[in-house]
Protein chains: 2
Amino acid sequence: MASIQDEIKQTRPFPSPSAEAVVALMRTADMVRRSVASVVEPAGITPQQYNVLRILRGAGEAGLPTLEIAERMIEETPGITRLLDRLESKGLVTRVRCDKDRRRVWCRITTQGLELLRQLDAPLQKADEAALQALGNHDLEQLIELLDKARDVYRRIS
Amino acid sequence: MASIQDEIKQTRPFPSPSAEAVVALMRTADMVRRSVASVVEPAGITPQQYNVLRILRGAGEAGLPTLEIAERMIEETPGITRLLDRLESKGLVTRVRCDKDRRRVWCRITTQGLELLRQLDAPLQKADEAALQALGNHDLEQLIELLDKARDVYRRIS
DNA sequence: ACGAATTACTTGACTAATCAACTATCGGTT
DNA sequence: AACCGATAGTTGATTAGTCAAGTAATTCGT
């Protein structure tokens with residue numbers, strides 16, 4: 001095979017639109033992740049811990065079993081147990097073994113956790129908007145639709 | 001189509017299109033990241049290490065100084081030194097202190113590193129396409145455009 | 001030409017993520 | 001009732017990522 005062709009292929013920015021989209025997606029997600037981190041980390045928690053707290057707030061009084069939380073996380077999290085350990089030791093979450101099914105552990109957000117979330121709500125909302133400020137409402141809806149569509153197929157594989 | 005709200009069983013609606021887009025973005029990026037990981041990890045490297053190798057292949061014979069690599073990474077990487085340590089100990093990268101400016105260290109990909117990349121090229125390309133198979137070329141271009149637009153403004157902030 | 005500021009990393013200490021192996025419990029089978 | 005497989009989580013060992021402080025080399029201002 002002609003080596004020049006190889007060189008051209010290697011020099012060309014992206015071998016396919018998919019490859020370019022993957023890189024664009026990862027770069028954008030990284031920027032947004034850092035934006036979120038810059039808001040929640042001063043409060044002493046990581047974005048993942050914040051995500052857990054928000055899930056538990058959404059779950060209400062009853063709370064959720066450990067692995068249910070893992071399923072609802074934005075990013076897949078095999079280390080959910082230790083994530084909860086840290087939140088518990090900070091007093092933001094409590095855990096109680098279930099009586100009906102003693103394998104389960106119900107996790108609940110504490111008042112302190114709710115208060116922390118309450119303080120982060122507005123800044124977080126601001127950060128989300130700032131991160132995507134370049135996109136108008138029409139753009140945002142289009143973006144959401146495209147991302148949902150991408151995941152819809154992918155979900156069937158995994 | 002499954003919306004994010006169904007996916008994470010969220011009971012409340014998103015407070016804004018931005019917030020929903022942020023979550024959609026992170027979830028999609030996470031799926032794609034795992035897809036990439038499933039291809040490169042059997043070869044004994046992480047996605048970030050793969051990213052470094054690809055950057056160094058693109059840089060050619062001369063290689064690149066350490067922090068130049070960091071700047072080109074898809075995801076910001078403060079731990080670039082140790083990332084390169086691991087690649088060096090695997091024999092995929094070599095490092096030589098620069099004579100003109102002895103603060104700098106030039107990093108180059110080895111033949112072994114190039115061979116590894118060569119083996120991963122096709123599967124990776126396939127994984128990228130599989131991850132975004134739901135999107136046609138028009139969708140992909142639209143997605144890339146939206147993501148680029150989002151980052152363009154955000155870049156000026158940071 | 002000399003000190004201060006900058007650049008380009010490196011290192012140490014700490015925290016977090018990952019994978020596999022393990023324990024405990026439950027639900028059904030026979 | 002005893003067993004089997006599945007479920008729900010935990011733990012240990014290893015690896016990776018993060019932040020702050022440190023070192024060495026260079027450049028810039030006067």
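Order of the sequence lines sets the chain letters (A, B, ...), proteins ahead of strands, with each chain counted from 1.
Here D:dG17 presents its C1' atom at 15 Å from CG of B:Asn51, a figure rounded to the nearest Å. Atom P of nucleotide D:dG9 and atom CD of A:Glu68 are separated by 9 Å, given to the nearest angstrom. Atom-to-atom, CD of A:Glu71 to C1' of D:dG9 comes out at 13 Å; the value is rounded to the nearest Å. Atom CG of A:Leu67 is separated from atom P of C:dT25 by 16 Å (rounded to the nearest Å). Taking atom CD1 of A:Ile80 as the reference point, atom P of D:dT11 lies 15 Å away to the nearest angstrom. Remark: P of D:dA16 and CD1 of B:Ile45 are 12 Å apart, rounded to the nearest angstrom. Straight-line distance from the CZ atom of A:Arg97 to the P atom of D:dA8: 13 Å, rounded to whole Å. As a whole-Å value, the separation of A:Ile69 CD1 from D:dG9 C1' is 12 Å.
Looking at A:Glu129 and A:Gln133, their side chains never bring a donor and an acceptor atom within 3.5 Å of each other.
A distance-only check finds no donor-acceptor pair linking the side chain of B:Arg108 to the backbone of B:Gly63 [under 3.5 Å]. Using a distance-only test at 3.5 Å, with no hydrogens or angles considered, a donor-acceptor pair links the side chain of A:Ser16 to the main chain of A:Ala19. For the pair B:Glu68 (side chain) and B:Pro65 (backbone), a donor-acceptor distance under 3.5 Å is absent.
Under 4.0 angstrom from either OP1 or OP2 of D:dG17 there lies no side-chain N or O belonging to A:Arg33. When the side-chain nitrogen and oxygen atoms of A:Thr81 are compared with OP1 and OP2 of D:dG9, none of them lie within a distance under 4.0 Å. Of the side-chain N and O atoms in A:Thr66, one or more sit less than 4.0 angstrom from OP1 or OP2 of D:dG9.
The local environment of CD in B:Glu145 is sparse, with at most 12 non-hydrogen atoms from other residues, nucleotides or ligands closer than 6.0 Å.
Just one of B:Arg54, B:Arg57, B:Lys126 meets the salt bridge (charged side-chain N to carboxylate O under 4.0 Å, His left out) condition when paired with B:Asp121; it is B:Arg57.
A salt bridge does not link B:Asp30 with B:Arg27: none of the charged nitrogens is closer than 4.0 Å to a carboxylate oxygen.
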Identify all pairs in which a protein N or O lies below 3.5 Å from an N or O of nucleotides 26-29 of chain C, and state each distance.
| unit_1 | atom_1 | unit_2 | atom_2 | d |
| --- | --- | --- | --- | --- |
| C:dC26 | OP1 | A:Arg102 | N | 2.8 |

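Taking CZ of B:Arg95 as the reference point, atom CG of B:Asp85 lies at 4.5 Å (rounded to 0.5 Å).
What you find for B:Pro47 and B:Val36 is that their closest heavy atoms are CB-CG1, 4.3 Å.
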Its contact letters, B for base, S for sugar-phosphate only and - for none at protein heavy atoms under 4.0 Å, make nucleotides 14-22 of chain C read --SSB----
